[in-house]
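Note sheet for the following structure.
Computed from a prediction, not measured in an experiment: that's the story for all the values here.
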Amino acid sequence: TGGAPFDALSPLDPDTFAGESRAVINFLAGYYRDVETYPVQSQALPGCLRALLPDAPPENGEPMDVILEEVRTHIVPALTHWQSPKFFGYFPMNASTAGFAGEMLSTGLNIVPFMRVASPAATELESTVVDWMGKLVGLPDRFLFSGGGGGVLHGSTCEAVVCTLAAARDRALSRLGHEGILRLVVYASDQSHCTFQKGASIVGIPRSNFRVIPTTAASGYGLTAASVRDAVEADVASGLVPLYLCATVGTTGLGAVDPVRDLGELARRHGIWLHVDTAYAGSALICPEFQHHIDGAELADSVSMNPHKWFLTNMDCCCLWVASPAALTSALSTNPEYLSNVTEESAGAGVVDYKDWQIALSRPFRAMKLWLVLRRYGGAGMRAYVRRHVEMAKWFEQALEADGRFEVVAPTRFSLVTFRLRPRLEGDDDAVDASNRGLLVAVNASGRAFMTHFVVDGKFVIRMAVGGAMTEMQHVQDTWELVREKAEEVGALQNERNF
């Protein structure tokens with residue numbers, strides 16, 4: 001089966017589809033089988049792939065086996081392998097057999113469910129699975145369709161943030177008038193994800209009206225209600241209008257947790273929209289022992305979490321729940337004539353049109369993917385999966401604590417461990433930062449593991465985020481031995497320089 005000339009194109013021939021899809025699946029199965037043998041972080045130099053590719057696309061199509069061979073020889077060596085069991089950088093980005101099967105079904109059916117009439121089953125499956133997920137993570141009923149709220153599947157937290165900021169903005173401006181946008185203020189901690197600043201800017205909040213509230217080790221790097229109250233009261237005294245507050249459960253840098261109830265009570269008193277960001281740690285909330293972290297969520301206006309991080313749901317998938325769907329849709333809805341629904345008698349009578357819950361019009365059938373993960377693995381299976389990673393992270397934390405050369409920077413609440421080499425002498429901050437940078441570079445350059453870093457209180461901190469679909473305790477133990485080995489090398493090098 002060679003290339004296809006234009007006059008013989010049958011792009012969805014069922015037999016060709018089956019054969020070529022099987023070839024891709026076999027390729028991926030081989031990749032997963034061998035992924036542990038690859039250096040985790042790619043060492044490819046800029047321009048390496050461009051040099052291997054022609055300047056223009058082929059005039060005639062090429063066989064799938066030829067293309068897959070180039071994926072193997074050209075693409076794979078220049079990847080950082082996020083599905084490696086030794087990938088501990090950023091946050092996990094899970095893949096699974098069920099997630100892949102759901103993605104195949106979504107992509108193969110290739111519908112565009114922006115309105116219920118465009119594919120009724122897709123809309124109803126989505127409203128069902130977001131209610132399922134809400135129940136699993138312990139959300140109050142007010143966020144479920146069954147309780148008067150509702151949810152939607154976005155591609156990322158960034159989209160969820162922009163949409164909820166737009167809803168909060170329009171709710172406030174309906175009272176203040178449009179010129180009031182210059183008075184609106186958004187609050188987040190110095191540990192909150194940068195997407196909140198980007199989102200505030202996108203919806204028109206002046207940069208000078210974004211408050212980054214400092215946190216300290218004393219509160220575990222979580223916000224305190226007192227620090228937020230001080231900022232809010234100062235703004236009110238200046239004639240500004242507090243608009244939106246982000247509370248994070250499991251911050252990116254350190255896995256810190258903000259006090260949802262305390263912040264919710266403050267938000268209620270001042271009419272502030274409270275968003276609870278659980279992008280990473282939301283997956284852990286399916287375990288009852290972690291649900292105390294969202295105590296007070298009934299005081300929030302919106303909550304988001306990313307199943308594509310730690311819930312075995314292949315990219316991309318973000319759950320956004322809102323207590324008031326009307327607040328969201330009034331800010332995001334469009335009703336052009338070419339989308340008018342003239343075939344459905346129940347149009348407008350409680351019908352969900354997901355185009356009005358997001359930025360874009362078009363959208364994939366993400367619900368199929370999350371539904372398959374939930375059906376295939378079940379709540380019990382997913383809880384066991386999360387707990388296994390938490391146990392691995394706790395083991396790594398205890399190993400660090402038992403070695404006097406290291407310190408744990410923030411308590412490990414979920415599966416993110418933050419650590420650094422200790423200073424040898426008082427006031428040795430620059431030297432110890434250099435040692436920790438050197439340690440991280442050496443670990444990643446080895447190809448035997450991959451981690452990333454954060455800076456807090458001026459200190460360079462190494463992050464180890466456990467959560468890969470194929471990660472076992474042995475991989476964590478091997479990585480600890482690698483860290484110890486490289487720490488000795490870095491220490492010896494530092495001693496030589498000092499000498």
Side-chain angles (χ1 to χ4, degrees), residues 89-91 93 152-173 178 180-215 221-223 228 231-232 235 240-256 258 263 267 272-282 300-309 315-322 327-328 331-332 356-363 366 416 452-456 463 465:
Y90 309 111
F91 274 133
M93 201 58 62
V152 58
L153 297 179
H154 285 170
S156 70
T157 299
C158 301
E159 183 176 2
V161 167
V162 170
C163 290
T164 53
L165 276 163
R169 176 201 63 194
D170 283 11
R171 185 177 72 176
L173 295 183
H178 188 71
I181 196 167
L182 297 176
R183 297 165 57 202
L184 301 179
V185 186
V186 174
Y187 304 85
S189 88
D190 57 1
Q191 305 299 314
S192 301
H193 198 279
C194 63
T195 192
F196 287 90
Q197 294 193 46
K198 179 186 285 190
S201 179
I202 289 171
V203 302
I205 307 300
R207 291 183 184 274
S208 59
N209 286 13
F210 191 95
R211 303 287 179 260
V212 178
I213 300 173
T215 60
Y221 297 101
L223 278 171
V228 178
V232 167
D235 285 330
L240 298 175
V241 180
L243 174 71
Y244 184 103
L245 169 62
C246 167
T248 306
V249 175
T251 60
T252 301
L254 302 171
D258 295 331
L263 298 178
I272 300 171
W273 183 295
L274 177 66
H275 179 78
V276 181
D277 171 20
T278 71
Y280 151 65
D301 295 276
S302 53
V303 180
S304 60
M305 63 89 68
N306 290 355
H308 65 225
K309 280 191 166 67
M315 277 283 287
D316 55 15
C317 187
C318 168
C319 297
L320 169 66
W321 295 274
V322 289
L328 191 70
L332 301 172
D356 299 330
W357 292 60
Q358 62 178 33
I359 296 170
L361 174 64
S362 300
R363 63 201 317 269
R366 293 189 184 97
L416 171 64
T452 50
H453 81 279
F454 189 62
V455 175
V456 63
R463 300 170 67 261

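Residues that satisfy the salt bridge (Lys or Arg N to Asp or Glu O under 4.0 Å) test with Arg169, not counting sequence neighbours, are absent from this structure. The side chain to side chain contact (heavy atoms under 4.5 Å, CB included) search around Ile359 returns Glu159, Val162, Cys163, not counting sequence neighbours. Take Gln358 and apply the side-chain hydrogen bond (donor to acceptor under 3.5 Å, both in side chains) test, not counting sequence neighbours, and it matches Arg363. The side-chain hydrogen bond (donor to acceptor under 3.5 Å, both in side chains) search around Asp170 returns none, not counting sequence neighbours. Taking the ring pair (Phe, Tyr, Trp, His ring centres under 6.0 Å) definition, one finds that Phe91 meets it with Tyr280, sequence neighbours left out. With sequence neighbours excluded, the residues that form a side-chain hydrogen bond (donor to acceptor under 3.5 Å, both in side chains) with Trp273 are Ser302. Not counting sequence neighbours, the partners of Asp316 by the salt bridge (Lys or Arg N to Asp or Glu O under 4.0 Å) test are Arg366. Judged as a side-chain hydrogen bond (donor to acceptor under 3.5 Å, both in side chains), and not counting sequence neighbours, the contacts of Thr164 are Tyr244. Scanning for ring pair (Phe, Tyr, Trp, His ring centres under 6.0 Å) contacts around His193 gives an empty result, with sequence neighbours left out.
Under the salt bridge (charged side-chain N to carboxylate O under 4.0 Å, His left out) criterion, the residue pairs touching residues 205-214 are Arg211-Asp235, with sequence neighbours excluded. Among residues at least two apart or in separate chains, there is no salt bridge (charged side-chain N to carboxylate O under 4.0 Å, His left out) pair with a member in residues 180-206.
Among the candidates Thr215, Leu223, Ile213, Asp258, the single residue satisfying the side-chain contact (heavy atoms from CB on, under 4.5 Å) test with Gln191 is Thr215.
Residues Asp277 and Ser192 have side chains that never bring a donor and an acceptor to within less than 3.5 angstrom of each other.
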